Engineer: 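Below: one structure in structure tokens.
Being a predicted model, the structure only gives us computed values, none of them experimental.
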Amino acid sequence: MHRRDSSKPAKILDREAAEAVAVAALSFLVSRPEDLSRFFALTGLATDTIRQTATEPGFLGGVLDFYLGDDRLLTDFAADAGMPPENVAVARHMLDPHGWQA
């Protein structure tokens, strides 16, 4: 993936920006087979069902939850995306402000 300049963090101002972070996180996860396998194991998803499941409400939030539960993966993704790791938590909150607590 292309690394962005981390001195210019992305701002998460709305749901659309939060979804963009989650989609980028999913793309990053796909590039890491070992982490993707763990994601599948923890969620019960499989390669043949992820496309259908990805359109369901809560899926993108679940992807971000996965990142928030793994400091190594979170920091790797944030560095790759050129954003502070805290942006993932902000994006998660923007996707479901009532169903998630820091």
Side-chain angles (χ1 to χ4, degrees):
M1 288 190 100
H2 178 68
R3 292 184 186 269
R4 294 184 194 152
D5 180 359
S6 61
S7 65
K8 298 178 184 175
K11 297 197 183 218
I12 311 300
L13 301 175
D14 58 22
R15 184 172 179 87
E16 185 177 324
E19 287 175 355
V21 170
V23 168
L26 182 58
S27 295
F28 183 77
L29 188 59
V30 169
S31 74
R32 298 170 61 115
E34 186 175 305
D35 292 318
L36 183 61
S37 293
R38 192 165 50 83
F39 178 75
F40 284 148
L42 290 172
T43 62
L45 295 173
T47 55
D48 59 338
T49 61
I50 195 166
R51 286 186 186 196
Q52 177 183 353
T53 306
T55 63
E56 293 179 9
F59 176 79
L60 292 177
V63 170
L64 296 181
D65 284 339
F66 181 70
Y67 276 83
L68 292 169
D70 185 330
D71 286 339
R72 175 194 53 83
L73 184 61
L74 175 63
T75 55
D76 287 354
F77 167 65
D80 186 77
M83 70 175 70
E86 297 82 19
N87 276 18
V88 175
V90 172
R92 177 61 182 104
H93 179 72
M94 291 297 293
L95 291 176
D96 186 8
H98 303 293
W100 181 82
Q101 297 177 9

Engineer: Are Arg32 and Leu73 close enough that some pair of their side-chain heavy atoms sits under 4.5 Å apart?
Structural biologist: yes
Engineer: Any sub-3.5 Å donor-acceptor pair from Tyr67's side-chain atoms to Ala25's backbone N or O?
Structural biologist: yes
Engineer: Has Arg51 got more than 12 heavy atoms of other residues, nucleotides or ligands less than 6.0 Å from its CZ?
Structural biologist: no
Engineer: Mind listing the closest non-hydrogen atom pair of Asp35 and Phe66 along with its distance?
Structural biologist: O-CZ, 3.7 Å
Engineer: Decide, yes or no, whether a salt bridge links Glu34 with Arg38 under the criterion of side-chain N to carboxylate O below 4.0 Å.
Structural biologist: no
Engineer: What are the two closest heavy atoms between Ala22 and Leu60, and how far apart are they?
Structural biologist: CB-CB, 3.6 Å
Engineer: Can you name the closest pair of heavy atoms from Ala18 and Ala91 and give their distance?
Structural biologist: CB-O, 3.4 Å
Engineer: So, for Val63 and Leu26, which heavy atoms are closest and what is the spacing to 0.1 Å?
Structural biologist: CG1-N, 4.1 Å
Engineer: If I compare all heavy atoms of Leu29 with all of Leu36, which pair ends up nearest, and what's the gap?
Structural biologist: O-CB, 3.6 Å
Engineer: Do Val21 and Asn87 come within less than 4.5 Å of each other through their side chains, counting heavy atoms only?
Structural biologist: no
Engineer: Taking all non-hydrogen atoms of both residues, which atom of Pro84 and which atom of Ala78 are closest, and how far apart?
Structural biologist: C-CB, 4.1 Å
Engineer: Would you say that Thr43 contacts Thr53 through its side chain, given a criterion of any heavy-atom pair below 4.5 Å between the two side chains?
Structural biologist: no
Engineer: If only atom types and distance count, is the side chain of Arg92 paired as donor or acceptor with the main-chain N or O of Leu64 below 3.5 Å?
Structural biologist: no
Engineer: Please round to the nearest 0.5 Å and tell me the distance separating atom CG of Leu68 and atom NE2 of His93.
Structural biologist: 13.0 Å
Engineer: Once the angle between the rings of Phe39 and Phe59 is folded into 0 to 90°, is it parallel (under 30°), tilted (30 to 60°) or perpendicular (over 60°)?
Structural biologist: perpendicular
Engineer: Using modelled atom types only, decide if a donor and an acceptor are shared between the side chain of Thr49 and the backbone of Leu45 within a distance under 3.5 Å.
Structural biologist: no
